[in-house]
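Note sheet for the following structure.
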Amino acid sequence: MLDIRFVREHTDKVIEALKKRGYPADTIEGLLSIEKRRRELIRVVEEEKQQRNRLSQEIGRLKKEGRDASHLMHQARMVSERITKKDAELRELEESAKKELLLIPNIPHESVPIGEDERENVEVRRWGDIPEFTFEPKNHWDVGESLGILDFERAGKIAGARFVLYKAEGALLERALINFMLDLHTREHGYTEVFPPLLVNRDSMTGTGQLPKFEDDLFKVEGERGFLLIPTAEVPVTNIHRDEILNEDDLPIYYTAYTPCFRREAGSYGKDTRGLIRQHQFNKVELVKFVRPEDSYDELESLTVDAEEVLKRLNLPYRVVTLCTGDLGFASAKTYDIEVWFPAQGRYREISSCSNFEDFQARRAGIRFKRKGKKGTEFVHTLNGSGLAVGRTVAAILENFQQEDGSVIIPEVLRPYMGIDKINSKLKAQN
RNA sequence: GGAGGAGUGGCCGAGUGGCUUAAGGCGGCGGUCUCGAAAACCGCUUCCCGAGUAAUCGGGACGCAGGUUCAAAUCCUGCCUCCUCCGCCA
């Protein structure tokens, strides 16, 4: 959420920034006219409240002295009635201003390249050697199915399309990756592990920006409580500190969380219909930071490096791209995508998305901090990134480390977690 | 699911309609004292909104949402959360 004061004081800047995202500017004008009426009404209603307070005080004094106050009481009732009416009007204005404000995306950072869509994202670096194959590399789902470690057919029977059943070494690989990632981030990168609720309320979804705009992307649980399944651990973990005032000394706060994630994937029919890339349920290890505003861009760099380190240790080739203004997520001011190499597709594909939201989420969620020796509060900056999406990491391992005989070599760092160095058909699970 | 009890500033805690401008304490910050520290003493210390360059002024917030009243932390209704006991349960 943008600061309404910033919007009215720097209107041109806001409109220009949003234009870069392809966001229509006319809603800003509507918002500002509501805001203008809101402030006028506040002035009027507060004057009347002051009058009511004075009258009430006077009534109290007269009554204590045992004198008649009915004349003043009548007068006060009239004022109160006016206040009730205007307060309701004011509440309506505030609600519609908030409603508009919640739908306006964040302003891109000045370093973000201007562009329309993902074709104009800018590559910033590459790491690792793209593997050369003496045979035609197979898709990860073919590798997985013939090893008997991924079963899409039965998952379809159990749940439906876009689900997978991991079996034997497949399930083991998934679990090993989760543990490896969490261990790396907690032991070497200084993150605190948390395991949050997977169902959240609407306030939490609004705090991080999924609501009200992206309701269609979310799974809902039937019932009067209105729970929503998390599409990412970003939601529950960022909301850990919702409506809190932190001390400057508490910052920065780093959390890492493994959670399953649930996404409707509405509107992506026909995209990645096979394989692990786009599932309704997938595992992810997430990194979340709460930092001081002046540190947030350095923190974005180190967050991205922390996520990249997972791929380096797994020896998976990747590149990092800066998302252009047109491809930037709703809440983000700047995002780096990390893309891992998929040999069968012959291209890099997203495996992590690392974003600085500046104070956009903090303002929605009321996450503030107090500076030492200073009055008042400021919003923290929040960041998060995948470190990494686990299913896609499995897919990348299966594709990059597949052998001609159909087996898959396990990256060395995972061997202590798995107790094997290779998945091959001899170990193939029972069918 | 049933029966009770409770939610007040960073924390503890007083407050049953107007002497509350939310007491008092703890913690924190600054000062006096001291070689330095502790102790003691003095002062400052919730947040949000509006107006103002500012000092400041005004309004609002006592779990949340309504209501009664000239006036609500206080009374009424609904909801949420936590605690205790009973029942059920991985």
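Just so you know, these numbers use all the heavy atoms, side chains as well, and skip hydrogens, waters and symmetry mates. Within every chain, numbering begins at 1; the chains are lettered A, B, ... in the order of the sequence lines, protein sequences first and strands thereafter. Since this is a predicted model, take the numbers as computed values, not measurements.
Pairing of B:G36, defined by two Watson-Crick or G-U wobble distances under 3.5 Å, is not identified with any nucleotide. Taking a pair to require two hydrogen-bonding distances under 3.5 Å in either a Watson-Crick or a G-U wobble arrangement, B:G30 pairs with B:C42. Taking a pair to require two hydrogen-bonding distances under 3.5 Å in either a Watson-Crick or a G-U wobble arrangement, B:C64 pairs with B:G78. With a cut-off of 3.5 Å on both Watson-Crick or G-U wobble distances, the partner of B:A14 is given as none. Using N1 to N3 plus N6-O4 or O6-N4 for Watson-Crick, or N1-O2 and O6-N3 for G-U wobble, each under 3.5 Å, B:C85 pairs with B:G2. Pair assignment for B:U53: none, as no Watson-Crick or G-U wobble contacts are both less than 3.5 Å.
Here, B:A22 and B:C62 have their P atoms 12 Å apart, quoted to the whole Å. If you take atom P in B:G60 and the same atom in B:A71, they sit 12 Å apart, rounded to whole Å. Going from the C1' atom of B:G1 to that of B:C88 covers 8 Å, rounded to whole Å. As rounded to the nearest Å, B:G25 and B:C41 have P atoms that lie 11 Å from one another. When the C1' atom is used for both B:A14 and B:A23, the distance is 6 Å, rounded to whole Å. As rounded to the nearest Å, B:C82 and B:G24 have C1' atoms that lie 26 Å from one another. Here the separation of B:G63 from B:C42, taken at their P atoms, is 33 Å to the nearest Å. Of the C1' atoms belonging to B:C48 and B:G9, the separation is 14 Å, rounded to the nearest Å.
Look at A:K157 and A:D151 and you find no salt bridge, because none of the NZ, NE, NH1 or NH2 atoms lies under 4.0 Å from a carboxylate O. Between A:E174 and A:K167 there is no salt bridge, since no side-chain N of the basic residue sits under 4.0 Å from a carboxylate O of the acidic one. A salt bridge links A:E188 with A:R313: the closest approach of a Lys/Arg side-chain nitrogen to an acidic carboxylate oxygen falls below 4.0 angstrom. Note on A:K49 versus A:D87: salt bridge recorded, some NZ/NE/NH1/NH2 to OD/OE distance being below 4.0 Å. A salt bridge does not link A:K370 to A:E248: none of the charged nitrogens lies less than 4.0 Å from a carboxylate oxygen.
Mapping A:I4 and A:I245 onto RNA chain B by nearest heavy atom places A:I245 closer to the 5' end of the strand.
Note: CZ (A:R5) to C1' (B:A51) measures 13 Å, nearest angstrom. Distance A:L90 CG to B:C48 P: 19 Å, rounded to the nearest Å. B:C11 atom P lies 13 Å from atom CG of A:L246, rounded to whole Å. Atom P of nucleotide B:G10 and atom NE2 of A:H241 are separated by 16 Å, given to the nearest angstrom. Rounding to whole angstrom units, CG of residue A:D250 and C1' of B:C11 are separated by 14 Å. Separating the CZ atom of A:F369 from the C1' atom of B:C47 is a distance of 16 Å, rounded to the nearest angstrom. Put simply, CD on A:E40 is 16 Å from C1' on B:C49, counting in whole angstrom units.
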field: Stepwise side chain to side chain donor-acceptor pair (under 3.5 Å) test for A:Y191 and A:D306
entry: CA-CA 10 Å; A:Y191 293 77; A:D306 290 339; 2.7 Å; yes
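A:T377 comes within contact range of the sugar-phosphate backbone alone, with a heavy-atom separation under 4.0 Å but no base atom that close. Contacts of A:R8 with the nucleic acid, taken as non-hydrogen atoms under 4.0 Å apart, involve only primed sugar atoms and P, OP1 or OP2. In this structure, A:R54 reaches neither bases nor backbone, as no heavy-atom distance under 4.0 Å exists between it and the strands shown.
Between A:R368 and B:G10 there is no side-chain N or O to OP1 or OP2 distance below 4.0 Å.
Looking only at atom types and distance, the side chain of A:H381 has no donor-acceptor partner in the side chain of A:E358 under 3.5 Å away. Side-chain polar atoms of A:T232 and A:K284 form a donor-acceptor pair below 3.5 angstrom.
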message: Within the 4.0 Å limit for protein heavy atoms, which parts of nucleotides 56-71 of chain B are touched? Write it as a string from 5' to 3', B for base, S for sugar-phosphate only, - for none.
response: --BSS-----S---BS
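Outside the 6.0 Å centre-distance limit, the rings of A:H185 and A:Y254 are not counted as a close aromatic pair.
Using the six-membered ring where Trp is involved, A:F180 and A:Y417 have ring planes that are perpendicular, over 60° apart on the 30 and 60° scheme.
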Distances under 3.5 Å between protein N/O atoms and the N/O atoms of nucleotides 75-80 of chain B, please, pair by pair.
none

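Among the candidates A:I104, A:L102, A:I28, the single residue satisfying the side-chain contact (heavy atoms from CB on, under 4.5 Å) test with A:L2 is A:I104.
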